[in-house]
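I have placed the structure first, in the form of structure tokens, so that the comments after it can refer back to it.
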Amino acid sequence: MFIELEVKLGIIVHGYTAENKEIEEVYKEDDFVKKIVAIDRIQSISEKYILVKSSHERVMYWEYKGTMEELKQRMLAADIKIA
């Protein structure tokens, strides 16, 4: 299953230091882009970010257009289960 989102890259986490701190690369993109994303890539959704799995065991935080409640309603309407 897939969902269309308007997102912009916020943070890529490349791994962890020896002290178990995230190694982050922060982005400041101006424009949102449309993406069709596999639901199973989504790890979590907050008010500001969608956390998604990426290649090479990295994760990315995408800023998304709209509100968390709007996104939740879209997912429920698409029969994506939210407990």
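Within the structure, side-chain hydrogen bond (donor to acceptor under 3.5 Å, both in side chains) contacts touching residues 21-45 (residues at least two apart or in different chains) are His14-Glu25, Glu25-Tyr27. The list of side-chain hydrogen bond (donor to acceptor under 3.5 Å, both in side chains) pairs with a residue in residues 74-83, not counting sequence neighbours, reads Asp79-Lys81. Applying the salt bridge (Lys or Arg N to Asp or Glu O under 4.0 Å) rule to pairs touching residues 8-19 yields nothing, sequence neighbours excluded.
The other residues sharing a hydrophobic cluster with Phe2 are Ile36, where clustering joins ILVMFWY side chains under 4.5 Å apart. Through direct or indirect side-chain contacts shorter than 4.5 Å among Ile, Leu, Val, Met, Phe, Trp and Tyr, Val13 is connected to Ile11, Val26, Tyr49, Leu51, Val59, Tyr61.
Here the CE-OG distance, from Met60 to Ser55, works out to 7.5 Å after rounding to the nearest 0.5 Å.
With sequence neighbours left out, Lys65 forms a salt bridge (charged side-chain N to carboxylate O under 4.0 Å, His left out) with Glu6. Scored by the side-chain contact (heavy atoms from CB on, under 4.5 Å) test, Glu47 finds Met68 as partners (sequence neighbours excluded). Take Thr67 and apply the side-chain contact (heavy atoms from CB on, under 4.5 Å) test, not counting sequence neighbours, and it matches Glu69, Glu70.
By the rule that hydrophobic residues join a cluster once side-chain heavy atoms approach within less than 4.5 Å of another member, Leu71 and Ile80 end up as members of one cluster. Hydrophobic clustering (ILVMFWY, side-chain heavy atoms < 4.5 Å, transitive): Ile50 and Ile3 are in one cluster.
Residues Ile45 and Tyr64 have side chains in contact (heavy-atom distance under 4.5 Å, counting atoms from C-beta outward).
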